[in-house]
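Along the sequence shown, residues carry numbers from 1. All values derive from a computational prediction rather than experimental measurement.
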Amino acid sequence: MNEMYDNNVASSTSTKEKCPYCGGVIEAGSRFCGHCGGKIERPTRIVENAPYQAPTYTQGPKMKAPYGTGAMVCSIIGMGLLLLFYIIGDDEDLYGFLSMLAITGLAISIVGMALGIVGWNKIKGNFSAYSGTSKLTVAKILGIIGAVIWTIIVTIGTFMVIGGYGLEGLFFL
């Protein structure tokens with residue numbers, strides 16, 4: 001049986017050597033002794049004048065940009081509410097609804113802008129490791145635009161209501 005084991009682990013050369021543990025005769029290049037089972041340690045061969053091969057690194061899957069989708073959704077909703085505000089804006093029966101729409105639009109635009117800014121800060125300039133960074137950029141810009149426009153509308157609307165003019169003047173902006 002030892003002979004069969006020796007044949008399975010033997011190298012292609014037919015020279016013999018001694019096991020460093022038990023002194024038994026084994027095939028040259030064997031990794032284990034067929035007599036005592038000892039592991040035969042072999043020195044690593046160094047190939048001289050071999051060309052250097054730099055290690056290759058593969059990039060893992062990209063992570064999703066944090067808050068990218070949420071920022072984009074909030075910013076688009078904020079801009080959509082702005083459009084709705086101007087579509088139904090001159091109906092006097094809906095002034096209460098329009099006031100709530102303006103406040104809601106402002107809040108949602110600010111949330112979209114804030115999520116875009118927070119997500120952008122979490123990336124810390126490491127754009128190659130994240131996918132969806134363009135969502136953050138667009139959401140941040142739309143959020144800022146929406147927040148500015150809504151702030152103007154809410155401010156002017158507030159002064160017009162306080163001054164007794166109603167909301168009619170808002171629709172001439």
Side-chain angles (χ1 to χ4, degrees), residues 1-85 87 101-154:
M1 178 151 172
N2 284 342
E3 292 155 2
M4 189 160 105
Y5 180 76
D6 286 342
N7 289 336
N8 287 337
V9 294
S11 69
S12 61
T13 61
S14 62
T15 58
K16 306 279 184 185
E17 60 183 37
K18 287 189 175 187
C19 171
Y21 303 109
C22 69
V25 177
I26 57 173
E27 292 288 331
S30 297
R31 295 184 344 175
F32 296 94
C33 174
H35 304 284
C36 69
K39 183 176 180 181
I40 310 298
E41 298 291 330
R42 306 266 180 214
T44 306
R45 293 189 320 175
I46 299 175
V47 179
E48 293 183 26
N49 297 328
Y52 173 75
Q53 284 187 330
T56 56
Y57 301 101
T58 58
Q59 184 175 358
K62 288 188 170 191
M63 299 177 284
K64 282 188 172 183
Y67 308 117
T69 303
M72 187 64 130
V73 168
C74 288
S75 295
I76 289 173
I77 289 173
M79 295 304 280
L81 291 177
L82 182 63
L83 182 64
L84 180 64
F85 182 81
I87 289 173
L101 185 67
I103 293 169
T104 305
L106 174 61
I108 290 175
S109 292
I110 289 173
V111 168
M113 176 184 62
L115 287 174
I117 291 170
V118 168
W120 198 259
N121 289 337
K122 285 190 178 259
I123 289 175
K124 296 183 180 171
N126 192 4
F127 305 116
S128 62
Y130 292 93
S131 66
T133 55
S134 58
K135 279 184 190 177
L136 285 176
T137 304
V138 171
K140 189 168 61 167
I141 292 169
L142 283 178
I144 291 169
I145 292 169
V148 167
I149 293 172
W150 279 118
T151 301
I152 292 168
I153 289 172
V154 169

With rounding to the nearest 0.5 Å, note down the distance linking [atom1] in [X] to [atom2] in [Y].
{"X": "Ile40", "Y": "Cys33", "atom1": "CD1", "atom2": "SG", "value": "6.0 Å"}
{"X": "Ile87", "Y": "Leu81", "atom1": "CD1", "atom2": "CG", "value": "11.0 Å"}
{"X": "Asn121", "Y": "Leu136", "atom1": "CG", "atom2": "CG", "value": "10.0 Å"}
{"X": "Thr15", "Y": "Ile26", "atom1": "OG1", "atom2": "CD1", "value": "10.0 Å"}
{"X": "Ile76", "Y": "Leu142", "atom1": "CD1", "atom2": "CG", "value": "6.5 Å"}

Original post:
What side-chain hydrogen bond (donor to acceptor under 3.5 Å, both in side chains) pairs are there with at least one residue in residues 63-78, not counting sequence neighbours?
Top reply: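 Sorted result for residues 63-78: Thr69-Lys135.
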Original post:
Could you give all pairs that pass the salt bridge (Lys or Arg N to Asp or Glu O under 4.0 Å) test and reach residues 17-26, with sequence neighbours left out?
Top reply: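 Pairs touching residues 17-26 that pass the test: Glu17-Arg42.
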Original post:
Which heavy-atom pair separates Ser109 from Ala147 by the least distance, and what is that distance?
Top reply: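 Looking at all heavy atoms of both residues, the closest pair is CB-N, 3.6 Å.
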**OP:** Quick one: closest heavy-atom pair of Pro66 and Ile123, and the distance?
**Re:**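 Residues Pro66 and Ile123, closest heavy atoms: CD-CG1, 4.1 Å.
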Original post:
Among pairs that include at least one residue of residues 104-126, which meet ring pair (Phe, Tyr, Trp, His ring centres under 6.0 Å), considering only residues two or more places apart or in two chains?
Top reply: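 Checked against ring pair (Phe, Tyr, Trp, His ring centres under 6.0 Å) - neighbours excluded - the pairs reaching residues 104-126 are Trp120-Phe127.
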What residues form a side chain to side chain contact (heavy atoms under 4.5 Å, CB included) with [X], not counting sequence neighbours?
{"X": "Ile141", "value": "Thr137, Ile145"}
{"X": "Thr151", "value": "Leu106, Thr155"}
{"X": "Leu82", "value": "Met79, Tyr86, Ile149, Trp150, Ile153"}

Original post:
Is there a side-chain contact between Arg31 and Lys39 (heavy atoms, below 4.5 Å)?
Top reply: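 Answer no - side chains too far apart.
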